[in-house]
Number of protein chains: 2
Amino acid sequence: MSSDPPPPRPATLEDVALVAGVSRATVSRVINGAQTVDPALRRAVERAIANTRYVPNRAARSLVTRRTGSIALVVSEEERRTVADPFIGRMFTDPYFGRVVSGLLEVLRPVGVQMLLMLADDDVSRTQLVSYLQQGHVDGVILISSHAADPLPAMLTSTRLPAVLSGRPPQPTRISYVDADQQAGARLAADHLAGLGRRHIGTVSGPMDMPAGQDRLAGFRAAMAAHGDHEVISVEGDFTQAGGAAAMKRLLGELPDLDGVFIASDLMALGALPVLHGQGRRLPEDVAVVGFDDSSAALACSPPLTTVRQPVEEMAAEMARLLLRAINEPGRPAQSVIFQPTLVVRQSA
Amino acid sequence: MSSDPPPPRPATLEDVALVAGVSRATVSRVINGAQTVDPALRRAVERAIANTRYVPNRAARSLVTRRTGSIALVVSEEERRTVADPFIGRMFTDPYFGRVVSGLLEVLRPVGVQMLLMLADDDVSRTQLVSYLQQGHVDGVILISSHAADPLPAMLTSTRLPAVLSGRPPQPTRISYVDADQQAGARLAADHLAGLGRRHIGTVSGPMDMPAGQDRLAGFRAAMAAHGDHEVISVEGDFTQAGGAAAMKRLLGELPDLDGVFIASDLMALGALPVLHGQGRRLPEDVAVVGFDDSSAALACSPPLTTVRQPVEEMAAEMARLLLRAINEPGRPAQSVIFQPTLVVRQSA
DNA sequence: TTGTATGCGTTATCAT
DNA sequence: ATGATAACGCATACAA
């Protein structure tokens, strides 16, 4: 019993059928788990499949089923290429992105659904993308959008493709989305700072044209108001590390006796903390700092950052589940789920 | 001249042919850029394509050409899921990963090649992966391996699939790879520290079972030796932030009067610097620190990290080019390219 | 230069 | 329960 050399050509359904002594159709039934197959034959077919190392040809299957067994993870962002930094995909280097991928794969992998990574960063690429998606090359779309006024969610709607958005879209759409309760998260930060007895409080907000930016600021303001007459000065940041540093400088200018600050993203905090240190402020003694996200950036801060945790991986996993469900039940209405953030207390506040 | 409503079914070659008044074959020729088409007919076909919003069906095309127009980016790493951190893909949150994706897409996107993101983190997933790849669902593979003794490169060889590795593989294979000259990079760091007049020098190395770990240490040692009788103590790290912190503690124990240190990755430096600060050492006055990578972590350090730059995006772009070439010229022998690192001087040394 | 005809590997319909 | 057979949309060898 010697193992024969592998065939140069992958085994087909036909080959398996020949070996098993049945028809193509029966082999196909076994592979697709049809219940109407004689147990004896089923075993024979399974043996033949193993012996021939058969694996279905996805292209052929996809041609007839009009399903691909794959979804697209599309990252949408404004083009910001410069001569100094000619490479694309600012989002790809954001810790957030890795957590999303991780959570997505966690549910996609067990069911054998592949993930295409696609980027849309200008009008041309957006148009191409939509046309590509429209032709059914993927069964569904997960969209991570890094900027407001992104036309992509709306464009996606016309596609009739199952889709799930990361974060509440700026304009309401019929597309499902997954988000954390941003306002509740900001309230956690406010309560913590107030509980610490801080009175001169500032905040570095996110971009005011993004829902996450708006909601975190609104939630923080409302909670602070509920705690009484704290003065709250806010300065707008852009969710980047450099932007965080710049915003903190401005904030210190406007509120020199600052003793507590809420920074609406850990990445911005990573940029802001050195500014505080540069002014000789000790953390948390002189100023207590609370971030948002609980990304790896929070641990990169010194001291380690107290922050509002978004369960990004769990959220991404839920996005994948929603998408799979939408794909398998075409009639299903859009459905969104909101996660509750938690406060992770470390040493900065 | 009113635009008619889009058909519920995507246009096929047949539809376009009908509109243009030619045969399927001619439309196919136009789409595939054949030179043997009458200019007038070509224009007619192009108009018809635009009017019908035709886009080729990839599954059908792939079925006959046996090409998919997509490649796989496979991330190979040891499984390290814990209860506390149940999610997969440590690599995905490494800044390195985002830079690779960015560089890859830079060359893949213009030629319309899609990228599948795949993960291999245990024996089962590796076997499944190879069997998947073997069936020609992708035209080629880019492999990023995060650990030594990875059986995947060898497994890939048997696949006969075009493949390109990121970094020199532990065991020599016939597969192309792209790498930076690690030893030369480490020499840059050594020369800089020596030039600064530092004499009590330590280094936090990478894992000694990874080529990058070995080469950086060897290169650093050799260059230091060339500079005379500096004592060089080395401590092994694991290329993670936490590992960098732990290693730095050990290093300080072994070499309390340390005044210069080479940390073999920026991420480790990000963990190590707070340890130094915690001991009251000023950077760069008391101790000069040089990192490796020039990743975003280098800028997250305070002070900003002087580091050896690997042009990761350019390297990834080159990987994509090599892979595309291997796909289009089947006979082509494996080819590797080595990039030269440069020193980026900031404030830590 | 253009059209006709065939086959790629699978699922689905329809007999049996 | 099983087996023929017809699509699925495309590229291509061959004929014209």
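Please read all numbers here as calculations on a predicted model, not as lab measurements. Atom set for the values below is all heavy atoms of this structure, side chains included, hydrogens, waters and symmetry mates excluded. First the proteins, then the strands, lettered A, B, ... as listed; each starts at 1.
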I need the [atom1]-[atom2] distance between [X] and [N], as an integer number of Å.
X: Asn32(A); N: dT10(C); atom1: CG; atom2: C1'; answer: 9 Å
X: Leu63(B); N: dT6(C); atom1: CG; atom2: P; answer: 18 Å
X: Arg67(B); N: dT12(D); atom1: CZ; atom2: P; answer: 11 Å
X: Asn57(A); N: dC8(D); atom1: CG; atom2: P; answer: 18 Å

TODO: Mark yes or no for whether Thr12(A), through its side chain, and Glu14(A), through its backbone, hold a donor-acceptor pair below 3.5 Å.
DONE: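 Side chain of Thr12(A) to backbone of Glu14(A): a pair is present.
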
From C-beta outward on [X], which listed nucleotide comes closest to its side chain: [options]?
X: Arg29(A); options: dA12(C), dG9(C), dT2(D); value: dT2(D)
X: Tyr54(A); options: dC8(C), dT10(C), dG3(C); value: dT10(C)
X: Thr36(A); options: dA12(C), dA1(D), dG3(D); value: dA1(D)
X: Arg24(A); options: dG9(C), dG9(D), dT5(D); value: dT5(D)

If you find the nucleotide of DNA chain C closest to Asp38(B) and the one closest to Glu14(A), which residue's nucleotide is nearer the 5' end?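 Closest to the 5' end, via its nearest nucleotide, is Asp38(B).
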
Heavy atoms only, 4.0 Å cut-off, all strands: where does [X] land among base, sugar-phosphate and nothing?
X: Arg66(B); value: sugar-phosphate
X: Leu13(A); value: base
X: Thr26(A); value: sugar-phosphate

When you compare the side chains of [X] and [Y], does any donor N or O come within less than 3.5 Å of an acceptor on the partner?
X: Tyr96(B); Y: Ser166(B); result: yes
X: Asn57(A); Y: Arg66(B); result: no
X: Tyr132(A); Y: Thr127(A); result: no

Answer with yes or no whether Arg58(B) presents, from its side chain, a donor or acceptor under 3.5 Å of a partner atom in the base of dG9(D).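 Per atom types, no contact qualifies.
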
Run the numbers on Tyr54(A) and Leu13(A) for side chain to side chain contact (heavy atoms under 4.5 Å, CB included), then give the verdict.
CA-CA 8 Å; Tyr54(A) 170 82; Leu13(A) 224 39; 3.4 Å; yes

- Are any of Thr65(B)'s side-chain N or O atoms less than 4.0 Å away from OP1 or OP2 of dA11(D)?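 No, Thr65(B) has no side-chain N/O under 4.0 Å of OP1/OP2 on dA11(D).
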
**Message:** At less than 4.0 Å, is any side-chain N or O atom of Ser23(A) found next to OP1 or OP2 of dG3(D)? Yes or no.
**Reply:**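 Checking Ser23(A) against dG3(D): at least one side-chain N or O falls below 4.0 Å of OP1 or OP2.
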
